[in-house]
Amino acid sequence: MLVPKKTGSAERRAQVRGRNDGERLGAAELGGERGERATLVQFSSAFCAPCRATRRVLAEVAGMVPGVTHVEIDAEARLELVRELGIVRTPTVLVLDADGRVVRRAAGQPRRADVIAALGEAVQGRPKAR
């Protein structure tokens, strides 16, 4: 049974997908260095209200976990990269492992717990930074 999607921004949930085989992002694509253990990449646009809330969540989580960086990319300024990665809405969040592989991606405003769980997957098997 399909349930109609609610359109209120507070009630939107992120649509989460798993690994994207072969997709790797480096410093050149990101416009900055990746995190030592993982990177939270956020694609945003200027008039996107959920993007502001997503920025706060990702910055908070990145601040809690050593070796994790949050990078925000202006989707309008980086259209070639947006098309290459199949980004169709903002915010879209990509969780990268230490090697720059996309471990998770979510379109829409993610919940803090979901971001933490995706980070766990990204750093799984990696030694903790000292």
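- How far CD1 of I73 is from CZ of F43: 4.0 Å, rounded to the nearest 0.5 Å.
- With sequence neighbours excluded, the residues satisfying side-chain contact (heavy atoms from CB on, under 4.5 Å) with A118 are V95, R104.
- Between the CG atom of L94 and the CD atom of E29 there is a distance of 11.5 Å, given to the nearest 0.5 Å.
- Applying the salt bridge (charged side-chain N to carboxylate O under 4.0 Å, His left out) rule to pairs touching residues 67-82 yields R55-E72, sequence neighbours excluded.
- Residues V68 and M64 share a single hydrophobic cluster, defined by chaining ILVMFWY side chains whose heavy atoms lie under 4.5 Å apart.
- Taking a 4.5 Å side-chain heavy-atom cut-off between Ile, Leu, Val, Met, Phe, Trp and Tyr, the cluster of F47 contains only that residue.
- Enclosure of atom CD in E33 is not indicated, since only 12 or fewer non-hydrogen atoms of other residues, nucleotides or ligands lie within 6.0 angstrom.
- In terms of heavy-atom proximity, P91 sits nearest to T54 at CG-OG1, 3.4 Å.
- If you chain together hydrophobic residues whose side chains sit under 4.5 Å apart, V123 and I116 never meet in one group.
- The backbone N or O of D99 sits less than 3.5 Å from a side-chain atom of D97, completing a donor-acceptor pair.
- Between the OG1 atom in T69 and the CG atom in L30 there is a gap of 9.5 Å [rounded to 0.5 Å].
- V102 and L40 fall into different hydrophobic clusters, where Ile, Leu, Val, Met, Phe, Trp and Tyr residues are linked whenever their side-chain heavy atoms come under 4.5 Å apart, directly or through other members.
- The line from OG1 of T39 to CG of L119 is 9.5 Å long, rounded to the nearest 0.5 Å.
- Residue T90 comes nearest to S44 through the heavy atom pair CG2-C, 3.7 Å, listed as atom of the first residue, atom of the second, then distance.
- Side-chain heavy atoms closer than 4.5 Å link hydrophobic residues (I, L, V, M, F, W, Y) into clusters, and following such links, possibly through other members, connects L25 to I87.
- In terms of modelled atom types and a separation under 3.5 Å, the side chain of Q42 and the main chain of C51 share a donor-acceptor contact.
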Point to revise | Candidate pair V115 and V93, rule side chain to side chain contact (heavy atoms under 4.5 Å, CB included), full reasoning | key: CA-CA 9 Å; V115 174; V93 176; 5.7 Å; no

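- Connection of V71 to L96 is established within a shared hydrophobic cluster, with ILVMFWY side chains joined at heavy-atom distances below 4.5 Å, either directly or through further cluster members.
- Counting only distance, with no hydrogens or angles, the side chain of E60 and the backbone of V57 share no donor-acceptor pair below 3.5 Å.
- Considering every non-hydrogen atom in both G108 and R89, the closest pair reads CA-NH2, 3.4 Å.
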